[in-house]
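Everything on this sheet refers to the single structure shown next.
Per chain, numbering begins at 1; letters A, B, ... match sequence-line order.
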Protein chains: 2
Amino acid sequence: MLTVKTPQQATQIINENISSYEKICEIVSINNLLGRVLFCDICSNEFVPDFDRSTVDGYAVVASSTFGCSDSIPAILDYKGEVEMGQEPDFEIDKSSCAYVPTGGQIPKGANAMVMIEYAEDFGDNTRAMLKPSAPSQHIIFRGDDVKKDQIILTAGTILQTKDIGTLSALGISEVMVCKRPRVGVISTGDELIDITQPLKKSQIRDVNTYVLCSAIESAGCEPVKIGIVKDDFKALQTAVQKSLKDCDVLLVSGGSSVGVKDATAKVFESLGEVYFHGIAIKPGKPTIFGKIGEKSVFGLPGHPLASYFIFDLFIRPMLYKIQNAKEFRNSTVAKLTAPIPSNHGRQECVPVRIFEQNEEFLAEPIFNKSGLISVLAKAQGYIVIDRDCEGLSKDDLVTVTLL
Amino acid sequence: MLTVKTPQQATQIINENISSYEKICEIVSINNLLGRVLFCDICSNEFVPDFDRSTVDGYAVVASSTFGCSDSIPAILDYKGEVEMGQEPDFEIDKSSCAYVPTGGQIPKGANAMVMIEYAEDFGDNTRAMLKPSAPSQHIIFRGDDVKKDQIILTAGTILQTKDIGTLSALGISEVMVCKRPRVGVISTGDELIDITQPLKKSQIRDVNTYVLCSAIESAGCEPVKIGIVKDDFKALQTAVQKSLKDCDVLLVSGGSSVGVKDATAKVFESLGEVYFHGIAIKPGKPTIFGKIGEKSVFGLPGHPLASYFIFDLFIRPMLYKIQNAKEFRNSTVAKLTAPIPSNHGRQECVPVRIFEQNEEFLAEPIFNKSGLISVLAKAQGYIVIDRDCEGLSKDDLVTVTLL
């Protein structure tokens, strides 16, 4: 029998004992940064922009020279010339003058506002008429408005997205120190398993977990190492685990983690290192194992693909981000249940849901299933976690849905 | 002056005129499918599982033989042997017998329920005592419970995620026909621009858009083609556009799309093909151009990185999914505004927001900014779209946030 931990206890034990994965950095080009984890803070060593720039096409003026002007009483200003894009203007503006500046062009010294080209007129005599007043600083981005010098602009642990690529390129940073991706090994055990590329005989089952876990590992910013199927046999599994750990930072073994006659995972972990827990009070996913061999974390996951996926998402994904020092942002949404979910008898439960929008609110429809059905995931957009102390949920209850 | 379209009109014009991108498929290994778009429906040509299997370690029985049994009055059944994982049992079960079946093992003919090993006892005389009754079908997954034969299990246009990898591998599908990734060219124009790898002179600006757009294109499942910076000059841009279109399915030109003296993008598009609109009533992002050259869609985007990013997200990302026939699922959440947002004077407006959780609800804090500030994106987790007819939003209003 398993002595199970609560999910909270399990998380705590994992956090207290995860291997001190040697955080190694590597330098990666800005073209390949999506999903990588920033290794240290990015501090700007310049102002962005580095000069005052116009946000419109129009005329740079001293604001006060336009106060009170209108269509009927324009402010007539001497025309000093045009600022070229990417060029520093070689003239100054005073209360009697103006200069044309295109969007993004540098504001000449002396000027402190822009009048849009729509509100100005060229009288052809080297003057320009301003038909609308402009307030000081109007239509100008000042030096450092975007980023100040010595400002920390991205912090270590940020999982880099498209939006961050913008910040980095604005600072002229084309190569970035990111955390080296941890290598995570995946073993499937079970005498009934065959690889998906092999023909299936009656009573055999395809090895789904290897492919799901490798894909999930990749989506958590790590490098999956596919080891393949190992027979549910102590010696064979022991050899495979020892060999894999030479090449991996973390190892996942799916299947063989319950208490059947032949399930060898826990025994193998114990023979080579330490097992911290065997069993979590969660449905699905109870027969989960966490241990350490040498300095490396090892996990035993349920053989059922759905259970194995949930355990990955709830315990292993956060752990993989943690050893990379990454700040995970879980996409989740609040939705209204379309059907009641009965009590779960003292075990935390994960219920997959379909999400759809109706009358500007999100609805979550629970997908009831027998443990282990992988097709459930194909239909689901997310899942809800029902606490062990919760005595079930009612229709129309608002729930937080973790998006897949 | 621009004659602007509403965002709805713009979307409609784009949808009616997007190039008939020749949907070409390619075959990709299951190891490289994340984010790819399924080319045709996936239909199962077998049952999953293909046999009745146990979901527990225990004894296969005829359910009715256990009815009424208990700790004190166990049901004594002849022991027929053990089912090996991955092997077809060569015996049958009747009302007087049972057999050991491990989790995932095949249920022998005749049996219709499982009794968990915890509720059985071995009396050592080749019989087993069942201490708890089991109902018909208890702890069994039947043939086809997960997937039926000839069932469509994933539909064309699905953007493949980890969860779908599970479904494919359960069906033994290791290679999949996906849509060939459209090649999307990116040109930045502007005499003030320099590449981010170059030293910056006063009055120059780094080319942020190339990197942001290439990254965004990648995240939309397409292949970015970085063309680089082209001077804001009709001839130079015309040559670059013509050359790029030979190698790309779609072309994005950022900068040079407003109506400044030198802005050449619209003129170049007109000289080579047709411009369908020039200007969208949206803030930021007004000077957006959509046209077609030959059979290929071309877009002019604002030079300001923030505006350019929003235009990509609102108009170009959906278009890129559409030409791949992909069903996009936008992650969004409902949140409560922490501050009022004033009226936007007849233009649809995109307001970036920070999201945080407080007392089990999501709060959205608007990030007010001057147009074009890229650092705003670094702080934002999403954005809200305020309709042109909306006269502003109040504190505590519930808004839908599109997550970045």
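- Heavy atoms closer than 4.5 Å to chain B are found in the side chain of A:Leu200, but not in its backbone.
- For A:Arg53 and B:Ser203, the side-chain atoms include no donor-acceptor pair closer than 3.5 Å.
- Interface summary for chain A: among B:Leu171, B:Ile173, B:Ile194, the most heavy-atom pairs under 4.5 angstrom belong to B:Leu171.
- When side chains are defined from C-beta on, B:Asp50 counts as touching B:Arg143, because their heavy atoms get closer than 4.5 Å.
- Listed options B:Asp164, B:Ile30, B:Thr167, B:Ile205 were ranked by heavy-atom pairs under 4.5 angstrom with chain A; first place goes to B:Ile205.
- Applying the 6.0 Å contact sphere to NZ of B:Lys201 captures no more than 12 heavy atoms from other residues, nucleotides or ligands.
- The choice from A:Glu192, A:His139, A:Gln106 that makes the most heavy-atom pairs within less than 4.5 Å of chain B is A:Glu192.
- Aromatic ring centres of B:Phe310 and B:Tyr383: separated by under 6.0 Å.
- Comparing B:Ser44, B:Gly105, B:Ala380 by how many heavy-atom pairs each has under 4.5 Å with chain A, the most go to B:Ala380.
- Residue A:Phe362 qualifies as enclosed at atom CZ: its count of foreign heavy atoms under 6.0 Å is above 12.
- Residue B:Asp52: no heavy atom, backbone or side chain, is found under 4.5 Å from chain A.
- Of the listed residues (A:Glu175, A:Gln151, A:Glu46, A:Lys226), the greatest number of heavy-atom pairs within a distance under 4.5 Å of chain B belongs to A:Glu46.
- For the set A:Cys214, A:Ser215, A:Gly172, the count of heavy-atom pairs under 4.5 angstrom toward chain B peaks at A:Ser215.
- Residue B:Lys109 places its NZ atom among 12 or fewer non-hydrogen atoms of other residues, nucleotides or ligands, all under 6.0 Å distant.
- Atom CG of B:Leu306 sits about 11.5 Å away from atom NZ of A:Lys163, to the nearest 0.5 Å.
- Atom CG of residue B:Asp232 and atom CG of residue B:Asp191 lie 5.5 Å apart, to the nearest 0.5 angstrom.
- Of the N and O atoms on the side chains of B:Asp207 and B:Ser188, at least one donor lies less than 3.5 Å from an acceptor on the other residue.
- Contact annotation for B:Leu33: neither backbone nor side-chain heavy atoms come within less than 4.5 Å of a heavy atom of chain A.
- B:Leu160 does not touch chain A: none of its heavy atoms, backbone or side chain, sits under 4.5 Å away.
- Among A:Ile165, A:Thr162, A:Asp195, the residue making the largest number of heavy-atom pairs under 4.5 Å with chain B is A:Thr162.
- Looking at B:Leu193, neither its backbone nor its side chain comes within 4.5 Å of chain A, counting heavy atoms on both sides.
- No other option in A:Lys379, A:Gln161, A:Gln204 has as many heavy-atom pairs under 4.5 Å with chain B as A:Gln204.
- Between chain B and the options A:Leu213, A:Leu404, A:Val376, heavy-atom pairs under 4.5 Å are most frequent for A:Leu404.
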